[in-house]
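By convention here, the first residue in the shown sequence is residue 1.
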Amino acid sequence: MRMIGRGVTHELEIRRSRFACTLARVADEGEAVAFLAAHRRAHRDAAHNCTAYVVGEHGEITRSSDDGEPAGTAGIPMLEVLVRRGLTGTAAVVTRHFGGVKLGAGGLVRAYGQAVSGAVDAAGVVELRTVVTVTAVVGHALAGRFLGDLHARWAQPSAVRYGAGVEADVAVPAERVEEFAAWAARVTAGRAVVRRGAAGHVEVPVTG
């Protein structure tokens with residue numbers, strides 16, 4: 001899953017018309033609809049508030065609106081940018097303040113697409129990856145070297161607890177849990193105990 005890194009507003013001016021694109025992260029379709037409705041109320045003085053959103057784990061729910069612009073010149077180009085960037089959980093609204101110069105259908109398509117594309121660039125894109133919190137337990141004699149190897153090979157533990165043994169919690173990509181267990185057994189000659197915990201998500205910035 002890919003989402004925008006944060007909510008932003010990005011504005012550009014084309015032939016005296018101002019196109020301000022506001023992006024928001026949304027959990028589901030209800031949240032997307034509520035966000036867009038609130039934005040329209042706050043900017044009811046604008047000539048147009050055109051919208052698009054993509055939600056669902058696989059981006060399976062998509063909607064767009066031209067809000068009075070010629071059919072197919074605003075909402076669809078906006079939606080195409082979100083889909084092309086592989087985003088989900090994202091709502092976009094472009095508020096247009098008309099500057100008195102008509103842009104034509106092609107000009108509108110480019111303007112609305114550029115507004116959303118610029119906003120996505122400004123927001124950044126993150127990828128949500130499924131991780132599992134794995135707890136590795138080793139004896140005190142092995143702890144120093146094991147924790148150093150753990151940090152170098154996998155990640156900095158999110159928590160380390162000292163008791164009868166030393167317990168380290170580390171977030172491991174879901175598809176690599178078995179690999180982690182095999183690694184822990186290998187570097188400790190089979191003396192590590194690995195417990196699988198809860199699954200969750202981490203956000204990893206997407207570059208390029």
Problem set entry | salt_bridge(R25, E203) N-O dist < 4.0 Å | yes
For this session: Please determine, by modelled atom types, if T22 and H10 share a side-chain donor-acceptor pair under 3.5 angstrom.
Result: no
Exercise. Would one find more than 12 heavy atoms of other residues, nucleotides or ligands at under 6.0 Å from atom CZ of R145?
Worked result: no
Seminar exercise, completed: Rounded to the nearest 0.5 angstrom, the CZ-OG1 distance for F35 and T90 is 10.5 Å
Exercise. Can you tell if the side chain of V131 reaches within under 4.5 Å of the side chain of T133, non-hydrogen atoms only?
Worked result: no
For this session: Give a yes or no on whether the backbone of A122 and the side-chain of R6 come within a donor-acceptor separation of less than 3.5 Å.
Result: yes
Exercise. Minimum heavy-atom separation for L82 to A92, with atom names?
Worked result: CD1-CB, 4.3 Å
Exercise. Parallel, tilted or perpendicular: which describes the rings of W154 and F180, with under 30° parallel and over 60° perpendicular?
Worked result: perpendicular
Exercise. Are the side chain of D66 and the backbone of E69 linked by a donor-acceptor contact shorter than 3.5 Å?
Worked result: no
Problem set entry | Non-hydrogen atoms of T135 and D169 that approach each other most closely | OG1-OD1, 2.7 Å
Problem set entry | Pair D67 + R96: basic N to acidic O under 4.0 Å | no
Exercise. With a 4.0 Å cut-off, would you call R18 and E13 a salt bridge?
Worked result: no
Problem set entry | Salt bridge D121-R85, side-chain N to carboxylate O under 4.0 Å | yes
